[in-house]
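Reviewing the structure listed below.
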Amino acid sequence: MVEKHLKINKLKWQKTRKTRNVLLMLVTMLFMLLAGIKTTSLAAEHTYEYIVGNIVWEYNFLSDTNSIEIASLHDKNHGDIVGSVIIPNTLPINNIEYPVTSIGTAAFKQGTITLGTNITSVTIPETVTTIGDRAFNGTNLTSITIPNSVTYIGNSAFRDCKDLASVNMSNSVETIGSYAFMDCKGLTSIALPDSIRTVDSYAFYRCSELTSATIGKSISTIGAQAFRDCSKLGSVVISNNVVSIGSYAFWNCRKITSITIPCDFDKNQFSNNTCVIVDSENPDKFTINGNSGEVLVGTFSYTHIYGDPTYTWSYDETANEWNCLAKRTCAAKGDLTETEDATVTGNVTKKPTCVSMGETTYTAIFTNPYFSTQTKVVEDIAIDPNAHDWELAWSSNKDSHWHECALCGAKADQAAHDWVKIGIISKKIKYKCNVCGAEKTEDLLPPPDDDGKSQKLIPTDDETHNQLTEFLHTLKIPETGDYANLSSLLIVAFSSFGGAWMLYKKGKNKK
């Protein structure tokens with residue numbers, strides 16, 4: 001019994017152990033599956049490849065942004081990449097397309113060998129936000145356009161691009177890293193957009209062909225030696241927001257003759273370390289020092305922060321003309337104003353009438369682009385008593401008709417009606433004016449006596465004959481098939497018959 005009981009317990013334990021093993025296996029598989037998913041979504045350390053045309057793109061997955069960083073590229077046949085390169089805006093991982101948002105560190109370099117030696121043009125897609133350190137360092141680019149999506153240009157990003165002559169920088173870049181354009185010998189001018197806040201140290205160091213530089217309105221910091229040894233730099237425009245100019249920022253820029261600054265700019269920011277020394281006797285002058293100790297005298301120019309312009313119209317009675325004066329005042333220096341007298345022209349835009357004056361619209365045009373075109377409408381044309389607005393339709397009363405002015409009610413072409421008899425309707429004779437179309441009616445029967453009784457239709461024999469004859473002459477005798485005046489003819493016939501009968505009875509009674 002004991003052995004049988006132990007055997008049963010052993011079988012139960014073995015069965016339980018198998019169940020546990022199955023459960024453990026399932027849990028292990030679940031963890032492996034989750035680990036596999038996690039590895040796929042966080043595979044930043046893994047490099048993927050994808051071929052577009054003849055170029056093999058190598059790239060990393062950025063798990064924090066679910067996007068792609070270009071790591072490098074090479075020709076699939078292991079030859080040179082020549083001419084233009086278009087960076088894809090998306091690249092696939094496991095058949096899912098992800099946006100390319102970053103050009104990684106030294107992306108166009110492999111070790112010490114520059115892959116981009118024969119690349120002269122690169123198109124950066126609008127998806128890219130970051131150009132990494134040394135991304136295009138040493139390539140033969142001749143021009144580059146930074147799209148509106150890019151906010152950061154890394155350290156040495158375009159360093160030693162000696163053929164780079166044109167940089168079109170969008171108004172989205174906020175930071176230019178150190179050495180970003182150092183030794184770009186072909187660069188002749190640079191305009192930094194208003195979006196940039198910081199130009200780091202050595203950013204344009206030894207750009208020996210650079211002749212002009214415009215510092216964007218939002219830049220607050222110009223780093224140390226940022227423009228050092230730009231030996232042909234002749235003019236610099238600095239914005240009002242610059243609060244820090246680093247040491248030797250313009251050192252050895254021996255040809256600077258003009259520095260444009262806001263009128264309220266603190267010149268104390270210039271120091272010996274920037275090589276710009278403000279003349280103590282004439283603060284509108286400065287001197288430039290360099291390695292050789294050369295001294296060059298330059299002049300400060302000033303920009304002003306103006307408020308909205310005002311416009312004043314005035315009338316010159318002597319010259320019989322209108323004038324317009326534009327004026328704007330510097331917010332920093334209230335006594336500093338800018339004015340301009342406009343060129344004024346006038347055009348009649350509303351003619352005078354018999355009751356109202358006409359209008360002239362005067363237009364003031366300025367040459368200063370900060371002043372906008374102005375207009376002024378003036379009632380200055382006298383009333384014209386003959387400038388009526390005659391209505392086309394006739395106006396009328398019982399005696400006459402005329403054309404009437406819709407503005408003042410004056411009458412023209414007034415004349416008596418030209419009545420024409422047009423028929424008999426309901427014992428009334430109907431008339432119509434041949435000119436204006438007015439209508440009237442007259443009773444066919446005689447008017448009542450003084451006592452209010454209707455007069456007899458029978459007048460004297462001569463009168464009856466004359467009236468009937470005259471009335472019949474006014475009617476048109478219908479021709480064969482013409483029924484237009486049939487009713488009128490019947491009325492006349494019955495009236496004539498009745499009149500004849502009455503005359504017959506009257507004569508008979510006299511006898």
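In this chain, residues are counted from 1 in sequence order. Given the structure is predicted, the values throughout are model-derived calculations rather than measurements.
Under 3.5 Å, the side chains of S201 and Y179 contain no donor-acceptor pair of N or O atoms. Side chains of S172 and N148: a donor-acceptor N/O pair is absent below 3.5 angstrom, by distance only. One side chain, Q374 or S372, offers a donor N or O that lies under 3.5 Å from an acceptor on the other. Counting only N and O atoms by type, the side chains of K376 and T361 include no donor and acceptor under 3.5 Å apart. No side-chain donor from either of N347 and Y362 sits under 3.5 Å from a side-chain acceptor of the other. Inspection of the T130 and S102 side chains reveals no N or O donor paired with an N or O acceptor under 3.5 Å. In this model, a donor atom of one side chain and an acceptor atom of the other lie less than 3.5 Å apart for N268 and D266.
When side chains are defined from C-beta on, T353 does not count as touching K351, because their heavy atoms never get closer than 4.5 Å. In this structure the side chain of I196 reaches within 4.5 angstrom of the side chain of M169, judged on heavy atoms. Two residues are said to be in side-chain contact when any heavy atoms from C-beta on lie closer than 4.5 Å; V420 and N434 meet this criterion. Using a 4.5 Å heavy-atom cutoff, the side chains of C405 and C354 are in contact. Side-chain contact check for I383 versus P352: every heavy-atom pair is 4.5 Å or farther apart. The side-chain heavy atoms of V242 and T221, taken from C-beta on, include no pair separated by under 4.5 Å. Counting heavy atoms from C-beta outward, I144 and F158 have side chains that approach closer than 4.5 Å. Contact annotation: the side chain of E439 never approaches that of C433 to less than 4.5 Å [non-hydrogen atoms, C-beta and beyond].
With hydrogens and angles ignored, the 3.5 Å screen pairs no side-chain donor or acceptor of E321 with any backbone N or O of D316. Between the S239 side chain and the G216 main chain, a donor and an acceptor come within less than 3.5 Å of each other. Between the side chain of H417 and the backbone N or O of N397, at least one donor-acceptor pair lies under 3.5 Å. Looking at S396, its side chain never comes within 3.5 Å of a backbone N or O of A438 through a donor-acceptor pair. Formation of a donor-acceptor pair under 3.5 Å by the S218 side chain with backbone atoms of D194 is found in this model. The main-chain N or O of S220 is never found under 3.5 Å from a side-chain atom of N241 such that the two would form a donor-acceptor pair.
Enclosure of atom NZ in K327 is not indicated, since only 12 or fewer non-hydrogen atoms of other residues, nucleotides or ligands lie within 6.0 angstrom. The 12-atom threshold is exceeded at OH of Y315, counting heavy atoms of other residues, nucleotides or ligands nearer than 6.0 Å.
A salt bridge is defined here as a Lys NZ or Arg NE, NH1 or NH2 lying under 4.0 Å from an Asp or Glu carboxylate O, and K185 with E209 fails to meet this definition. With salt bridges taken as basic N to acidic carboxylate O contacts below 4.0 Å, one links E174 and R197. Looking at K428 and E442, no side-chain N of the basic residue comes within less than 4.0 Å of a carboxylate O on the acidic one, giving no salt bridge. One finds no salt bridge joining D229 and R206 here, because no Lys/Arg side-chain nitrogen approaches an Asp/Glu carboxylate oxygen to under 4.0 Å.
Note: H403 and W390 fail the aromatic proximity criterion, with ring centroids not under 6.0 Å apart.
Cation-pi geometry between K440 and Y431 is met: under 6.0 angstrom from the ring centre, within 45 degrees of the axis. In this structure, K267 forms a cation-pi arrangement with F300, its terminal cationic atom sitting closer than 6.0 Å to the ring centre and no more than 45° off the ring axis.
Ring orientation note: the planes of F108 and F136 are tilted relative to one another, at an angle of 30° to 60°.
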Note to self: Run the side-chain hydrogen bond (donor to acceptor under 3.5 Å, both in side chains) test on S235 and S258 for me, step by step, so that the C-alpha distance in whole Å, both residues' side-chain angles and the decisive distance to 0.1 Å come before the verdict.
What the structure shows: CA-CA 5 Å; S235 63; S258 172; 6.0 Å; no
Next item on the list: Please assess T337 against Y306 for the test side-chain hydrogen bond (donor to acceptor under 3.5 Å, both in side chains), listing each intermediate value before the final yes or no.
Entry: CA-CA 8 Å; T337 61; Y306 288 102; over 6 Å; no
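Between Q225 and the choices Y248, Y202, W251, the side-chain hydrogen bond (donor to acceptor under 3.5 Å, both in side chains) rule is met once, by Y202.
A pairwise comparison of heavy atoms in W57 and I86 identifies CZ2-O, 3.6 Å as the closest pair.
In this structure, the separation between CG on D200 and CD1 on I153 is 11.5 Å, given to the nearest 0.5 Å. Between atom CG of residue N140 and atom CD1 of residue I119 there is a gap of 9.5 Å, rounded to the nearest 0.5 Å. In this structure, the separation between CG on L141 and OG on S166 is 11.5 Å, given to the nearest 0.5 Å. In this structure, CZ on F61 lies 4.5 Å from OH on Y98, to the nearest 0.5 angstrom.
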